[in-house]
Amino acid sequence: MLYRCAMAYDPLEVEPRWQKYWEEHDTFRVTRRPGRPKLYVLDMFPYPSGAGLHVGHPEGYTATDIVARFKRMNGFDVLHPMGWDAFGLPAEQHAINTGTHPAATTHANIQIFRRQLKRLGFFYDWSREVNTTDPGYFKWTQWIFLKLFERGLAFQAEIPVNWCPELGTVLANEEVIDGKSERGGFPVVRQPLRQWQLRITAYADRLADELESLDWPETKQKQREWIGKSEGAEVDFPLVGHPGHLTVYTTRPDTLFGATYMVIAPDHRLTLEITSPGHRAEVETYVRAAARKSDMERTALNKEKTGVPIGARAVNPLTGKEIPIFTADYVLGAYGTGAIMAVPAHDERDFEFAQKFALPIVEVVSADGALHEGLDAAYVDEGIAVRSGQFDGLRTAEMKAQVTAHLEQQGIGRRKVNYKLRDWVFSRQRYWGEPIPIYFPVKTDGDPRSGAAYTIDYGSPIAVSEAELPLALPELDDYKPGDPSGPLAKALDWRFFQKDGKWFARETNTMPQWAGSCWYYLRFLDPHNDAEIFSQKSYDDWMPVDLYMGGSEHAVLHLLYARFWHKVLFDIGVVKHPEPFSKLVHQGMILGEPQMTAYRDGSGAYVSADLAKAGDDDQVVNKETGVALEPVKLDESAVEKRAGHFVLKEQPAVKVQSIAFKMSKSRGNVVNPDDVVRDAGADSLRVYEMFMGPLEQVKPWQTAGIQGVRRFLDRVHTLSTRELSAEMDAETAKLVHRTVKKVGEDIEALRFNTAISAMMILVNRLNGLERTPREALEKLVLCLSPFAPHLAEEVWAGLGHAPTILDAPWPAFDPHLCVDEQLELAVQVNGKVRGRALLAKDASEDAARAAALADENVRRHTEGKVIRKVVYVPGRVLNLIVG
RNA sequence: GCCGAAGUGGCGGAAUUGGCAGACGCGGCGGAUUCAAAAUCCGCUUCUCGCAAGGGAGUGUGGGUUCAAGUCCCUCCUUCGGCACCA
């Protein structure tokens with residue numbers, strides 16, 4: 001569909017012309033000018049996928065582009081860079097399938113992305129473009145890894161990891177969703193493997209606490225929950241008939257008197273050791289079964305608690321009573337100490353387990369201080385201690401403090417802070433990633449490259465010297481994964497080398513995709529510096545990032561990892577701010593065009609949409625019967641609205657849903673920005689995406705909506721082709737100044753939709769005038785230029801100004817013209833608007849009352865009644881209370 | 001289950017500190033222009049009663065505070081996002 005018309009300007013001619021101008025004149029190159037304020041506006045850089053740009057990309061990019069252009073016109077030096085997060089699985093997968101080197105695929109995709117972005121007129125300083133796969137870039141990624149290694153923050157461990165056989169790689173916990181890989185949705189199993197890990201837990205406290213000062217949205221809360229700090233105590237329970245003790249972690253030391261049994265995780269190192277011979281067979285079976293369970297099975301089966309007694313007993317250190325020990329997979333080996341004291345009276349899980357195994361339930365916290373028998377549910381709230389010996393009568397908070405102090409005194413417990421956050425598994429068994437710059441001593445009798453037997457001493461990792469960086473990837477014939485040591489193990493000439501007559505082997509794991517994106521905002525400061533990661537001057541020029549825009553899918557992973565690296569760099573004096581991103585904004589996802597959707601069951605009969613419920617795997621099921629339903633796309637004409645619901649015209653009992661789905665290839669509702677640019681122009685795409693609604697909100701795409709902004713831009717152009725006038729009437733002048741004020745304020749607050757609406761109102765007014773007031777058009781075009789830069793340049797030049805409009809100052813407004821001296825006051829009688837009165841804005845109450853009663857309709861509602869009260873808010877409302 | 005965000009016309013959405021609900025755009029209807037159409041321009045467009053003037057209802061539900069509630073408080077429902085045996 002083409003939106004062009006005979007009178008309209010032709011974006012396909014205008015836009016490339018200005019793009020060429022900007023390129024030839026280096027318009028977007030940024031320099032730091034002394035005495036100017038600075039602004040660093042950053043977009044989350046994309047992974048250059050083979051699919052090209054998606055309409056979701058330009059949403060955030062346009063938003064930051066508007067801010068960047070606006071601030072530049074306001075005298076700021078603005079850093080607004082773009083680059084490529086180009087390591088990653090798809091290019092490698094492509095290499096496995098076709099033999100094409102991932103670097104070639106990546107390079108080709110970047111060409112496409114860059115061309116697409118340039119077609120949208122973004123004000124990026126392309127001279128600062130970075131690419132994480134460029135050796136000049138990953139040299140510094142490796143350099144940061146060495147800093148982590150030197151400080152003991154990068155270490156190896158043999159740990160059960162999320163091994164994805166299909167992808168042939170290990171995934172971070174964050175990359176596993178419902179037991180499947182985030183990318184591709186392949187099954188994931190737990191398996192022990194030697195891995196590099198980063199000790200992010202050492203920074204847990206600072207990562208949680210230092211969120212405080214940041215201007216971030218709900219993301220802060222998500223990160224806090226992810227870090228999962230909790231305060232409690234560790235308590236030692238002596239084992240019966242066994243030396244030593246079993247240590248538990250609890251956040252409720254106040255309930256210790258109610259601990260009637262213990263549970264140890266199946267993967268706890270003591271589980272089999274303390275199991276009595278009589279229970280060994282049963283426990284071993286349970287432990288093996290638990291180890292095999294993937295996370296998916298565990299969540300699927302979490303309805304019923306399972307577990308077995310291990311035949312060992314421990315002593316409750318406060319009651320002195322012997323209590324049994326169980327193993328159960330509802331206790332996780334990796335959290336806390338891997339063992340718990342079970343207090344069934346005050347913990348839902350323990351209560352459920354105790355009921356199933358007929359274990360004693362002893363109330364030790366009472367809401368009212370009285371004793372209760374036969375609890376029918378766990379009481380998890382705070383209260384007053386009972387059945388707790390010398391501690392009886394204490395409130396929960398005080399009880400916690402006193403019990404902990406008592407335990408510390410006795411040397412059988414201690415205060416303890418715990419985190420859900422785990423250390424970050426940092427190795428991937430992949431080719432297309434940064435090589436980890438570490439090597440190991442090798443024992444061999446010959447040349448391991450030609451098949452001599454060898455043993456690698458993984459216990460003695462050696463850092464590659466900084467002078468040898470970047471450590472580049474070797475060429476490979478075959479990128480196939482499968483071997484847990486990764487495809488690089490096949491590059492024998494690269495892997496093994498001799499130094500001083502001794503053999504060494506390089507690490508064959510590579511870094512995860514997060515590595516390059518952890519610090520790219522720093523490389524933009526000084527992207528061509530070979531000697532340093534960046535110069536001090538460039539840091540002082542631009543840091544910190546003033547506005548960071550990107551999808552909320554990165555709320556935890558990328559943003560937590562990047563903050564962690566930044567804090568490490570802060571500790572070693574590389575950066576000067578504890579936090580990298582002062583302000584963060586997530587643009588909302590753009591969904592596909594809404595579709596009228598009805599549901600049919602297996603027999604083909606329609607089922608009312610309120611019975612449809614999303615099941616697993618994108619399936620829709622009848623929520624009463626569980627039967628799978630088939631969604632059917634309907635034409636609008638088959639549907640009507642009755643009593644607040646859409647229903648089938650033919651069968652009004654059947655409700656129909658209007659749903660906007662996520663854009664996906666399989667649904668066929670993907671909108672390609674190239675098509676939109678071809679049909680309506682880049683400016684229309686930019687303005688439409690900003691006009692759709694609030695930036696942070698999820699919004700459905702509506703192709704017809706582009707029509708409206710295209711008409712708006714056409715009208716702006718038409719205004720410039722009419723006869724211009726040096727005069728301007730007072731009403732128009734007022735509107736012009738108010739528009740300038742509102743657009744500026746709205747851009748500052750990222751309310752682009754209402755800024756555009758204000759400009760539309762002004763254009764509608766100018767359109768109704770005989771001739772276009774020159775001043776009005778100039779101010780309008782300046783206001784519009786951050787949104788629709790190509791059209792703005794065109795009109796600006798047409799008005800006789802030298803390019804570029806980016807160098808023109810942001811228009812001023814006269815505040816006096818933005819307030820009304822006279823205004824219409826709403827007149828209410830008993831709270832209902834009955835009329836209006838034209839009044840000076842600071843009119844007295846008496847004057848307002850007189851004017852109100854002059855209104856015929858107001859009189860009708862007050863006649864014969866007594867005015868009991870008058871509420872007058874000057875400039876807003878006059879409310880007459882009659883009775 | 002827990003945490004967070006949000007429910008406003010046929011649709012996307014506006015609405016400063018509580019002060020005229022529905023700005024702006026889409027769609028629809030009517031008109032101008034045209035041989036005709038497209039495009040463009042103008043008008044109307046929450047529902048409802050009324051010829052009109054005007055009246056009534058109305059921001060997910062039910063209550064509350066207030067002269068006045070989309071906005072504040074409580075209850076419940078729904079949708080979306082995140083977490084999910086974290087002791």
Side-chain angles (χ1 to χ4, degrees), chain A residues 3-8 217-219 221-222 224-226 228 230 232 248-252 255 263 298-299 302-303 305 328-332 334-343 347-350 352-353 418-422 552-553 555-556 586 588-589 591 594 610 636 639-641 644 646 658-660 688 691-694 696-709 711-712 714-715 718 745 751 753-754 756-761 764 767-768 824-836 856-857 860 868-873 875-881:
Chain A
Y3 299 119
R4 264 186 292 156
C5 65
M7 295 298 292
E218 342 73 72
T219 307
Q221 194 50 34
K222 283 187 190 167
R224 277 195 203 101
E225 279 168 19
W226 192 266
S230 71
V248 303
Y249 171 72
T250 179
T251 55
R252 295 293 301 270
T255 63
V263 184
R298 285 184 68 153
T299 40
N302 75 4
K303 291 157 200 147
K305 296 261 176 298
D329 65 5
Y330 82 90
V331 172
L332 308 174
Y335 182 77
T337 62
I340 61 159
M341 63 176 203
V343 185
D347 182 284
E348 282 164 14
R349 296 153 300 179
D350 297 343
E352 194 188 322
F353 191 86
N418 230 309
Y419 301 93
K420 285 195 230 175
L421 183 70
R422 320 252 177 104
S552 60
E553 66 272 24
V556 176
H586 298 303
M589 205 194 326
L591 305 174
D610 43 11
E636 302 262 337
V639 171
E640 65 184 346
K641 193 155 189 175
F646 288 105
S658 172
I659 318 175
Y688 174 62
F691 186 60
M692 288 170 78
E696 298 185 60
Q697 191 168 302
V698 176
K699 303 166 283 278
W701 181 269
Q702 295 192 110
T703 298
I706 297 169
Q707 184 89 262
V709 301
R711 269 201 275 264
F712 161 64
D714 276 341
R715 275 179 209 161
T718 307
E745 287 168 355
R751 290 186 303 245
N753 52 332
T754 50
I756 292 165
S757 154
M759 289 187 280
M760 286 174 166
I761 292 168
N764 288 347
N767 204 35
E824 258 193 358
L825 188 77
V827 179
Q828 300 179 334
V829 178
N830 286 350
K832 289 194 186 246
V833 179
R834 298 299 182 186
R836 293 163 226 297
E856 200 183 323
N857 200 39
R860 196 166 32 236
R868 300 191 187 281
K869 187 174 174 185
V870 176
V871 179
Y872 177 51
V873 184
R876 294 233 186 261
V877 79
L878 177 75
N879 194 0
L880 305 172
I881 313 305

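Letters A, B, ... are given to chains in the order of the sequence lines, protein chains preceding strands, and every chain is numbered from 1.
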B/A87 phosphate, OP1 or OP2: any side-chain N/O from A/Tyr335 under 4.0 angstrom?
-> yes

Not counting sequence neighbours, which residues clear side chain to side chain contact (heavy atoms under 4.5 Å, CB included) with A/Ala826? List them please.
-> A/Val877

Do A/Lys420 and A/Tyr335 come within less than 4.5 Å of each other through their side chains, counting heavy atoms only?
-> yes

Got a sec, which residues hit salt bridge (Lys or Arg N to Asp or Glu O under 4.0 Å) with A/Lys699, two or more places apart in sequence or on another chain?
-> A/Glu59

What residues, two or more places apart in sequence or in another chain, satisfy salt bridge (Lys or Arg N to Asp or Glu O under 4.0 Å) together with A/Glu824?
-> none

Could you tell me which residues satisfy side chain to side chain donor-acceptor pair (under 3.5 Å) with A/Tyr872, sequence neighbours excluded, listed by chain and number?
-> none

Can you tell me if the side-chain N/O atoms of A/Lys222 get under 4.0 Å from OP1 or OP2 in B/G82?
-> no

What one-letter contact string describes nucleotides 51-57 of chain B from 5' to 3', where B marks a base within less than 4.0 Å of any protein heavy atom, S marks contact via sugar-phosphate atoms alone, and - marks no contact?
-> ---SSSS

Contact list (N/O, under 3.5 angstrom) for nucleotides 63-65 of chain B vs protein:
none

Rounded to whole Å, the OH-P distance (A/Tyr419 to B/A87) equals 13 Å

Sorted by chain and number, sequence neighbours left out, ring-ring contact (aromatic ring centres under 6.0 Å, His included) with A/Tyr688 holds for A/Trp701

With sequence neighbours excluded, tell me which residues meet salt bridge (Lys or Arg N to Asp or Glu O under 4.0 Å) with A/Arg715.
-> none

Can you find a side chain N or O atom of A/Asn753 that sits less than 4.0 Å from OP1 or OP2 on B/A14?
-> yes

When you compare B/C80 with B/G25, how far apart are their C1' atoms, in angstrom units rounded to a whole number?
-> 25 Å

What is the distance from CZ of A/Arg876 to C1' of B/G19, rounded to the nearest Å?
-> 7 Å

Quick one: what's the B/S/- string for nucleotides 2-7 of chain B, heavy-atom cutoff under 4.0 Å, read 5' to 3'?
-> -SS---

Pairwise N/O distances under 3.5 Å, protein to nucleotides 27-32 of chain B:
residue: B/G27; atom: OP2; partner: A/Arg711; partner atom: NH2; Å: 3.4

With sequence neighbours excluded, what pairs up with A/Glu218 under the side chain to side chain donor-acceptor pair (under 3.5 Å) test?
-> none

Heavy atoms from other residues, nucleotides or ligands near CD of A/Gln697 exceed 12 (cutoff 6.0 Å) = yes

Side chain to side chain donor-acceptor pair (under 3.5 Å) filter on A/Thr337, not counting sequence neighbours, yields none

